[in-house]
Amino acid sequence: MTQGGAPATALMRQYLDVKARYPDAILFFRLGDFYEMFYEDATYVARALSLTLTTRDKGKDDPVPMCGIPHHAARAYVGKLTELGHRVAICEQLEDPKLTKGIVRRDVVRVVTPGVILDEESLDPRAPNYVAAVSGDGRQGFGLAFLDITTGDFRATEAPSIEALLDELARAEPRELLVPRGDGDLAAVIKRAYPRLAQTAITVDGEPPPADDSDARKAPQAAIAAARVLRYARATQLSASLPPLPLHLFSRNDFLVIDEQARAHLELTETMLDRKRKGSLLDALDATCTAMGGRLMRRWMLFPLMDIAQIRRRHDAVERLVARQSARDAARKVLGELADVERLASRARLGVGTPRDLVALGRSLVRLPALAAVLTRADDELASTMRREEDLLVIDAPAEVRLGERILATLKEESPAATKDGNYVRPGISAELDELSSIASGGRDRIVAIEARERERTGIPSLKVKYNNVFGYYIEITRSHLANVPADYIRKQTVANAERFVTAELSDYEAKILSADERRIALELEIFTDLRQEVGDQAQPLFAVAGQVAAVDTLAALAEQAHRHGYVRPTIDDSESIDLQESRHPVVEQLAAAGAFVPNDVKVDTAAEQILLVTGPNMAGKSTLIRQVALSVVMAQMGGFVPARGARIGLCDRVFTRVGAGDNLARGESTFLVEMRETAHILRHATRKSLIVLDEIGRGTSTYDGVSIAWAVGEHLHDRLGARTLFATHYHELCALADSHPRVRNVSVTAREWKGDMVFLRKLVPGGASRSFGVEVAKLAGLPPEVVTRARAILEALERDSAAPGVPKPMTPGQGEAPQLNLFEKGPLQEIADALRAADPDELSPRAAWELLSELRKKLTIPR
Ligand code: ADP
Ligand code: MG
């Protein structure tokens with residue numbers, strides 16, 4: 001590991017020089033076949049990645065901690081360290097150690113950061129890997145830009161408020177976020193929101209924002225953020241250059257706003273409980289065949305459209321692809337053969353692509369005409385519909401196909417991932433290379449010829465030419481024939497029964513073979529590097545073609561799922577209604593047994609049925625129903641079909657949700673606070689065009705508080721906002737809202753008692769649920785029969801006792817009077833009722849149920 005006898009101290013001086021320039025990165029310092037880390041880097045990395053910590057200059061007074069990894073394994077380790085939020089500076093040897101006296105020149109060739117990474121081992125192929133930058137102090141809004149250098153995806157927008165900024169951040173989910181140095185406030189706010197962006201590393205950008213540069217202040221914030229993110233990404237690529245990247249400027253109003261709550265509550269990309277992809281809408285819809293399509297599907301889902309004409313164009317394409325199953329199948333088959341063109345092109349551009357990468361890229365490019373042919377052959381109308389989508393689809397892409405052909409003509413089909421042994425350039429590419437190769441491969445024949453000639457010359461039939469690593473080619477002669485050895489043989493070694501000799505001819509020949517081999521490897525590398533450069537120069541058009549392929553893939557996947565699961569093309573218009581016939585929940589339906597999901601008709605409409613108040617017992621399907629409406633809106637506006645028999649959807653500008661996360665009493669006040677904060681956010685930002693989904697608001701507090709808050713929120717939605725609202729509640733007291741508010745519609749999800757048991761019918765019917773069925777659910781959950789019987793008796797007593805059960809008077813602002821919620825008398829009965837209502841039998845363990853029961857008994861004062 002020591003370098004050519006150079007003094008260790010000089011080497012460490014070189015190390016410290018480089019390290020001083022990258023103080024905030026872990027330095028991977030190349031020594032021969034290893035990357036070594038020293039000092040704190042070594043102690044940290046050894047611990048974090050379970051490597052062996054050793055020391056350099058053992059035996060000296062002050063040994064240097066050191067740990068190393070073989071260079072070929074570096075990608076995995078770099079990936080892990082960036083996942084932990086670190087930056088890694090890769091320092092390479094810039095000269096051939098064999099040709100260098102003293103210390104080899106070394107320098108950092110690139111810096112890998114969580115957001116600027118090329119190492120595909122730690123990249124999710126179906127998600128973008130963004131580094132994002134924020135600009136502005138909020139007085140004129142904020143700028144936000146994000147860049148994925150692995151695909152060339154580069155976007156920027158402006159956010160009018162800090163809330164909007166955080167929403168957009170949550171939607172982009174950057175792996176790394178740059179905040180300007182010196183902008184302490186912004187950094188603090190974003191850091192406070194950090195739990196919401198848990199996967200994001202926050203990097204304080206080295207350069208302070210221009211203090212009073214009037215030019216910079218005139219530029220739009222989005223442009224400033226874009227410049228910042230680009231400069232940062234460029235600075236990490238020291239030995240390569242980023243391709244010119246077109247910046248897509250977008251406005252928040254171009255897309256249906258899905259804030260962080262809605263995205264989480266609707267489980268668009270991951271489930272709420274364990275943040276798994278399985279169980280999300282994306283998982284249910286993503287039948288794409290390529291990584292590029294997978295990423296686009298995700299983007300379409302998080303950025304549903306607001307332009308009716310554009311939405312209809314996507315629906316047109318999906319419709320045709322649904323109708324033409326054989327074309328769809330054929331297209332998807334070709335798509336399945338395509339590699340990740342975007343990321344491969346990017347790797348080529350940044351000089352890290354391997355021969356195997358290029359071959360994969362080449363193979364994909366030459367399949368493009370097949371994809372185009374399938375679509376065109378299917379029908380011209382289909383092709384032209386697809387072509388209009390995103391104004392692209394010219395996948396015939398002749399220049400790119402030629403590039404693919406060139407790659408495949410140059411590199412061997414089975415090319416290796418590493419360049420060190422060569423063997424990837426095809427014969428016929430370079431005359432010199434062919435000659436060098438023939439020297440190596442012709443070597444065997446030549447040896448056979450020499451052997452034959454020498455046998456004849458010496459008359460020794462057992463003479464053999466052999467090879468070993470110590471002295472290369474040699475002639476072996478058995479002991480009995482030693483007398484006949486010619487004078488020009490040079491003795492090298494004696495073994496058990498024979499002697500070994502070399503000859504001048506063999507030594508010359510060997511040198512020629514070895515140097516030919518070295519020269520061959522170097523020449524192959526040269527040819528490959530030129531080709532990679534040529535491909536890298538085309539990164540821009542390759543990204544464009546990849547985008548077109550991704551669009552075909554995504555549309556075909558939407559069609560595939562529409563076909564498999566029986567979705568319908570929605571009518572999209574400017575109305576303020578949503579009308580779904582036989583609507584289903586796309587995820588719950590897929591997880592349920594075939595045909596087990598009960599469809600329902602749902603209609604909301606700002607004019608007549610603005611607020612749909614959904615009541616019904618626990619587990620009846622209220623939450624599922626209201627979410628499926630919101631999911632259908634997202635699916636329709638992203639360009640897909642919806643799970644229903646018929647659908648008409650008036651464009652929504654935002655989807656708001658407040659959905660209880662398996663309401664948990666134990667989480668207490670903080671949960672309630674969060675819930676109220678989310679509700680406040682909705683009331684402040686919703687417009688008439690929004691869709692609001694409220695699930696069990698007010699549940700995190702006592703019944704009185706809960707009903708009052710829910711009631712007041714309902715009134716506000718009705719009287720002030722006018723937005724389409726789906727409101728699920730187990731407070732059947734709220735049904736009385738409809739009496740005084742004309743646009744509130746009561747519906748309930750049905751369940752029947754059958755022989756004393758609950759049977760969920762899951763059918764939506766007009767009118768509110770008469771009661772909450774809590775006792776029946778308690779029975780279903782397995783509370784002992786005596787307890788259930790007793791609870792029924794108590795419930796009846798309570799209902800008799802309460803003067804005006806569950807009908808609070810509407811509050812009029814300024815009246816200054818508390819609503820009358822004479823549900824129960826004050827005292828133990830109320831406490832028991834509250835505790836019973838608040839308890840969620842689904843969540844209670846038998847043990848907890850038993851404890852709750854004992855608690856209730858202690859409070860019990862009604863005579864038996
Ligand atoms: P609630 O909110 O009324 O307590 P949920 O919406 O959470 O009820 O539904 C409870 C369970 O019932 C869900 O997990 C789902 O498996 C099932 N379910 C809900 N709606 C339906 C339906 N329409 N058809 C079949 N099963 C359903
Ligand atoms: Mg529910």
Side-chain angles (χ1 to χ4, degrees), residues 264-267 271-274 276 278-281 284 565-567 580-602 612-632 642-645 657-665 667 671 675 678-679 692-700 706 710 725-732 734-735 746-752 757-765 767-781 836-844:
H265 290 156
L266 295 175
E267 308 193 301
T271 57
M272 232 171 129
L273 217 57
D274 48 10
K276 292 261 164 59
K278 181 112 197 85
S280 67
L281 179 66
H565 301 289
Y567 298 165
L580 305 173
Q581 283 104 47
E582 302 196 11
S583 159
R584 289 119 49 203
H585 189 295
V587 179
V588 176
E589 172 185 54
Q590 280 189 28
L591 299 178
F597 194 89
V598 179
N600 274 302
D601 297 346
V602 192
L612 215 59
L613 200 71
V614 187
T615 46
N618 243 323
M619 288 300 285
K622 303 183 294 298
S623 300
T624 307
L625 180 89
I626 61 178
R627 284 182 201 211
Q628 80 198 29
V629 175
L631 290 176
S632 295
V642 299
R645 183 184 286 272
T657 62
R658 176 36 247 170
V659 177
D663 349 21
N664 187 344
L665 209 64
R667 270 194 252 147
T671 310
E675 181 185 325
E678 292 181 3
T679 308
I692 302 179
V693 169
L694 299 173
D695 196 353
E696 306 282 12
I697 68 162
R699 197 171 187 176
T725 304
L726 295 148
F727 196 151
T729 180
H730 72 296
Y731 294 135
H732 54 272
L734 289 182
C735 294
N746 283 324
V747 291
S748 54
V749 194
T750 49
R752 286 275 151 72
D757 279 333
M758 286 282 285
V759 178
F760 295 113
L761 303 177
R762 311 203 189 283
K763 255 307 172 210
L764 202 59
V765 295
S770 52
R771 52 202 186 99
S772 72
F773 290 89
V775 176
E776 279 72 15
V777 176
K779 182 180 176 196
L780 201 70
L836 266 179
R837 278 185 202 288
D840 187 349
D842 305 333
E843 303 285 332
L844 284 183

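Each ligand, and each atom within it, is numbered from 1 in the order the structure gives. All figures in this text were calculated on a predicted structure; none of them were measured in a lab.
- With respect to atom 16 (O) of ligand 1, the closest heavy atom belonging to the protein is Val588 CG1, 4.0 Å.
- Nearest to atom 24 (N) of ligand 1 by heavy atom, out of Asp695, Asn600, Leu764, Val598, is Val598.
- Residue contacts with ligand 1 include Ala596, since one of its heavy atoms falls under 4.0 Å from the ligand.
- Heavy-atom proximity to Gly621, at under 4.0 Å, picks out these atoms of ligand 1: 1 (P), 3 (O), 5 (P), 6 (O), 8 (O), 9 (O), 19 (C), 20 (N).
- Each of Arg584, His565, His585 was evaluated against Gln590; a single residue qualifies, His565, per the side chain to side chain donor-acceptor pair (under 3.5 Å) test.
- Proximity of a side-chain donor or acceptor of Lys622 to a complementary backbone N or O of Pro617 within less than 3.5 Å is detected.
- Rounded to the nearest 0.5 Å, atoms CG (Leu631) and CD (Glu267) are 9.0 Å apart.
- Each of the following atoms of ligand 1 lies closer than 4.0 Å to a heavy atom of Pro617: 3 (O).
- Counting only non-hydrogen atoms, the option in Thr615, Leu591, Thr624 that gets closest to atom 19 (C) of ligand 1 is Thr624.
- Residue Thr624: no N/O/S atom is found under 2.8 Å from the Mg ion (ligand 2).
- Considering OG1 of Thr729 and CG of Leu613, their distance stands at 6.5 Å, rounded to 0.5 Å.
- A donor-acceptor pair is defined here as one N or O able to donate and one able to accept, closer than 3.5 Å; no such pair exists between the side chain of Glu582 and the backbone of Arg645.
- For the residue pair Ser583 and Asn600, no side-chain donor N or O sits within less than 3.5 Å of a side-chain acceptor on the partner.
- No part of Ala728 comes within 4.0 Å of ligand 1, judged by heavy-atom distances.
- Met619 N, 2.7 Å is the protein heavy atom nearest to atom 4 (O) of ligand 1.
- One finds the CZ atom of Arg627 at 7.5 Å from the OG1 atom of Thr624 (value rounded to the nearest 0.5 Å).
- For Ala620, the closest heavy-atom approach to ligand 1 falls below 4.0 Å.
- Once rounded to the nearest 0.5 Å, the distance linking CD1 of Ile626 with NE2 of His265 reads 11.0 Å.
- Distance screen at 4.0 Å: atom 14 (O) of ligand 1 has no protein heavy-atom neighbour inside the cut-off.
- Looking from atom 2 (O) of ligand 1 to the surrounding protein, the closest heavy atom is Ser623 OG, 2.7 Å.
- Looking at heavy atoms from C-beta onward, Ser748 lies out of side-chain contact with Leu764 at the 4.5 angstrom threshold.
- Taking each of Glu589, Arg762, Lys763 in turn, the one with a heavy atom nearest to atom 25 (C) of ligand 1 proves to be Arg762.
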